[in-house]
Amino acid sequence: MRPPLVNFRRLQVATPWPLVWAVTIAFLLVRLAALVVRLAVWAVRHWRAWPGVVLVLVAVDVHRSHGWWPHLLVLLVAAAAGGLWWWRGRDSFHRLVVLRAVTVWRRLWVYRRQWHEAMTLCGLVKKYDDGEKVPELLSVRCSYATDEVVLRMPRGQNPEVYQKAARDLAYSFGTRHCRVFSGRRHPAPHRSGRLAWLLRLVDRVRFRDRPRHVWLVFIRRDPLTRIVAPLPVPARPDFTALPLGLREDLAVYCLRLLATHVLVGGATRMGKGSVIWSLIRSLAAGIRSGLVRVWAIDPKGGMELAIGRPLFSRYVDDDWSRMADLLEDAVARMRARQQILRGKVRVHTPTVDEPLIVIVIDEIAALLAYLPDSEIRNRIAHALGLLLSQGAGLGVLVVAATQDPRKEVVSVRDLFPTRIALGLTERGHVDLLLGDGARDRGALADQIPLSGKGVAYVLLDGQPEPARVRFSYIPDDLIRDMAATFPAPPETQPEPEPVPAPAKPARAPGNGRHTYRPTPPKQAAPLLPPSLLNALDLPNGGEPR
């Protein structure tokens with residue numbers, strides 16, 4: 001006979017041991033499975049450490065079996081192989097060995113060691129449920145000049161918090177500049193070959209959108225303190241990627257000129273000429289072949305652009321009326337292309353027969369704000385408004401420079417999609433040129449020193465945060481050499497369209513009365529006929545009586 005579950009006489013409850021053991025074992029199995037999963041996730045995240053762990057285990061086993069001499073022999077062989085590698089392939093050695101060693105060192109010693117302290121003092125740690133939520137350090141990648149740190153934000157934060165704390169973060173980790181990016185800085189690579197489909201699937205996971213990830217770029221050493229040498233002239237210009245200078249991560253900065261207008265703003269002697277001549281140099285091969293036509297306007301009397309006169313198909317620097325005529329001719333070319341391309345394409349493709357027309361204006365404020373003749377100024381403003389609003393897709397582009405980006409000076413400022421901010425004199429000019437909030441996102445153009453001529457902040461495609469670049473410096477002798485090597489072919493002027501005579505206004509219906517309006521006399525005509533004038537002249541001196 002089985003005993004009762006409850007013994008009311010002794011007030012005791014019999015323990016169901018099978019149920020207890022079953023629950024306990026199930027709980028332990030669940031915890032063990034969770035631990036195994038966490039360990040697997042940790043191992044996958046730190047897969048780069050697997051070779052090091054295996055190497056340490058092998059080294060310990062060899063030391064127990066044979067002592068220290070195998071380790072010394074391996075070090076000598078590795079040193080010899082590394083020296084030979086460095087001698088024969090220095091670039092690959094630096095990229096695969098030196099930079100990886102620097103990355104491991106800085107991740108462990110500079111960032112991991114003081115991460116919690118720096119995040120707390122910079123105000124980036126969140127308080128929740130009597131605990132702290134610290135931004136998680138995910139990876140560190142070092143280049144020759146920068147450290148790219150990827151972190152995961154705690155819930156309740158956005159990238160603007162890190163943009164405001166950028167200077168504090170820079171000085172906390174021993175640098176002077178910190179750039180904050182809310183999106184991935186490098187796009188997914190282009191895959192080709194038999195396994196391209198598999199690699200694309202992997203890239204779809206690797207390069208997927210991660211809204212909670214923030215990229216911090218610390219500038220260890222500023223590579224933009226040195227003058228950038230002129231870049232090679234491309235054999236055929238790629239209008240989607242024209243090389244103009246270097247970025248702060250030592251990558252080549254390429255400007256997308258196709259279907260856009262460019263406004264360059266900067267104080268005097270801060271490098272606007274470097275931007276213009278770097279752009280012209282990248283277009284030089286296309287200028288010689290006739291694929292590109294550069295029309296230049298220099299309101300400063302040719303002090304900047306006259307040195308490269310052979311590069312320009314049309315050039316004006318001394319006549320305000322001719323400048324207005326040039327812009328109106330560009331509008332006429334644009335209208336003609338509209339008739340040809342209407343309903344066929346949305347963006348013009350440059351050809352020799354229909355080349356890309358780039359209108360370079362060295363100081364646009366002189367045409368829009370400081371021109372004394374109001375009639376010519378209105379003509380120029382009207383033509384520029386039409387070109388900037390309609391000419392991008394038709395291959396008639398405007399590249400203009402200005403010292404003052406205020407709206408009352410450059411009234412067409414908002415019609416420039418691409419803007420470049422060189423050294424500016426006032427803090428507010430940064431947002432006027434690059435857009436609201438650009439300075440808070442890191443565009444400190446008002447803090448560029450006088451020694452940083454050619455250093456600028458630009459907006460890259462797909463990134464709201466401005467990038468810091470330095471344009472190449474083109475000396476005068478090189479400009480003369482470019483003008484002699486890449487002269488523009490003769491410009492074929494279009495036939496002027498006949499202007500129809502104004503129609504006479506119809507006679508208004510009335511009572512038939514005619515109102516007399518005297519015709520003003522011609523000032524050049526004499527008051528007396530020539531025969532009467534000769535008769536009145538005296539024979540001795542030609543003095544009238």
Side-chain angles (χ1 to χ4, degrees), residues 141-149 159-160 162-171 173-186 214-229 231 241-256 262-267 269-275 278-279 401 405 418-427 429-473:
R141 182 180 180 181
C142 297
S143 66
Y144 293 100
T146 63
D147 294 345
E148 183 181 279
V149 178
E160 293 183 1
Y162 295 85
Q163 292 169 356
K164 294 179 180 179
R167 292 179 62 84
D168 298 336
L169 289 171
Y171 284 92
F173 291 108
T175 61
R176 293 188 179 274
H177 301 281
C178 175
R179 314 281 296 148
V180 181
F181 297 91
S182 59
R184 190 179 297 274
R185 301 176 62 236
H186 305 287
V214 173
W215 284 258
L216 307 179
V217 179
F218 295 93
I219 312 300
R220 286 201 318 273
R221 61 180 185 91
D222 191 0
L224 303 183
T225 55
R226 299 180 180 180
I227 296 177
V228 178
L231 301 178
L242 296 173
L244 302 186
L246 292 180
R247 301 191 327 198
E248 56 190 355
D249 56 356
L250 294 181
V252 177
Y253 168 66
C254 296
L255 173 69
R256 179 182 177 87
V262 182
L263 178 62
V264 183
R269 312 306 300 173
M270 289 305 295
K272 294 187 293 296
S274 297
V275 181
S278 297
L279 176 61
T418 303
R419 305 177 190 180
I420 299 173
L422 294 157
L424 297 171
T425 56
E426 297 184 14
R427 180 189 183 100
H429 286 179
V430 181
D431 290 344
L432 292 178
L433 189 61
L434 296 179
D436 292 339
R439 195 181 188 281
D440 294 336
R441 295 192 299 269
L444 305 178
D446 57 311
Q447 297 183 4
I448 297 177
L450 295 177
S451 60
K453 298 179 180 179
V455 179
Y457 289 90
V458 299
L459 294 177
L460 303 180
D461 292 339
Q463 292 184 359
E465 297 84 7
R468 185 167 170 262
V469 304
R470 183 160 191 168
F471 293 88
S472 60
Y473 172 69

*Taking R221 for its side chain and Y144 for its backbone only, find out whether a donor-acceptor pair lies under 3.5 Å.*
yes

*asked:* Under the criterion side-chain contact (heavy atoms from CB on, under 4.5 Å), I'd like the reasoning laid out for V149 against F173: C-alpha separation, chi angles, the key distance, then a yes or no.
replied: CA-CA 11 Å; V149 178; F173 291 108; over 6 Å; no

*Heavy-atom check, side chain of R439 versus side chain of L444, under 4.5 Å*: yes

_Test side-chain contact (heavy atoms from CB on, under 4.5 Å) applied to L244 and L279, step by step_ = CA-CA 6 Å; L244 302 186; L279 176 61; 4.3 Å; yes

*Any idea which heavy atoms bring V455 and I448 closest together, and the distance?*
O-CD1, 3.4 Å

*Starting at OH of Y473, measure out to OG of S274 and round the result to the nearest 0.5 Å.*
7.5 Å

*When rounded to the nearest 0.5 angstrom, what distance separates OG in S143 from CD in E248?*
10.0 Å

*Please examine the side chains of L246 and V252, heavy atoms only from C-beta on, and report whether any two atoms are closer than 4.5 Å.*
yes

*To the nearest 0.5 Å, what is the distance between CD (E148) and CZ (F181)?*
8.5 Å

_L231 CG to L242 CG distance, which is reported to the nearest 0.5 Å_ = 11.0 Å

*Electrostatic pair R176:D222 at N-O distance under 4.0 angstrom*: no

_Closest non-hydrogen atom pair between A166 and V180, with its separation_ = CB-CG2, 4.0 Å

*Please say whether more than 12 non-hydrogen atoms of neighbouring residues, nucleotides or ligands are located less than 6.0 Å from CZ in R141.*
no

*Counting distance only, does the side-chain N/O of D431 pair as donor-acceptor with the main-chain N or O of A438 below 3.5 Å?*
yes

*Looking only at heavy atoms, which two atoms of L433 and P405 are closest? And how far apart?*
CD1-CB, 3.9 Å

*Would I219 and T175 count as a side-chain contact (heavy atoms from CB on, under 4.5 Å) if you check the C-alpha gap in whole Å, the side-chain angles of each, and the deciding distance to 0.1 Å?*
CA-CA 6 Å; I219 312 300; T175 61; 5.7 Å; no

*asked:* Is it the case that the side chain of S472 and the backbone of V228 share a donor-acceptor pair, with hydrogens and angles ignored and the cut-off at 3.5 Å?
replied: no

*Could you tell me whether a side-chain N or O of R470 sits under 3.5 Å from a main-chain N or O of K453, the two making a donor and an acceptor?*
yes

*Looking at CG of L432 and CG of L424, how far apart are the two atoms once the value is rounded to the nearest 0.5 Å?*
9.0 Å

*asked:* For a side-chain contact (heavy atoms from CB on, under 4.5 Å) check, start with the C-alpha distance between M270 and L450, then their side-chain angles and the critical distance, and finish with the verdict.
replied: CA-CA 7 Å; M270 289 305 295; L450 295 177; 4.0 Å; yes

*If only atom types and distance count, is the side chain of K272 paired as donor or acceptor with the main-chain N or O of V264 below 3.5 Å?*
no

*Just wondering, more than 12 heavy atoms not from I227 lying within 6.0 Å of its CD1?*
no

*Which pair of non-hydrogen atoms, one from Y253 and one from V458, has the smallest distance, and what is that distance?*
CE1-CG2, 3.6 Å

*Where F471 and S278 come nearest, the two heavy atoms and their spacing*: CB-OG, 4.3 Å

*How far apart are the closest heavy atoms of C178 and F218, and which atoms are they?*
SG-CE2, 3.7 Å

*Do T425 and D446 have side chains that get closer than 4.5 Å, going by heavy atoms?*
no

*Determine whether more than 12 heavy atoms belonging to other residues, nucleotides or ligands lie under 6.0 Å from atom CD of Q447.*
yes

*Checking D147 side chain against R220 main chain: does a donor-acceptor pair fall under 3.5 Å?*
no

*So how far is it from H177 NE2 to L224 CG, rounded to the nearest 0.5 Å?*
9.0 Å

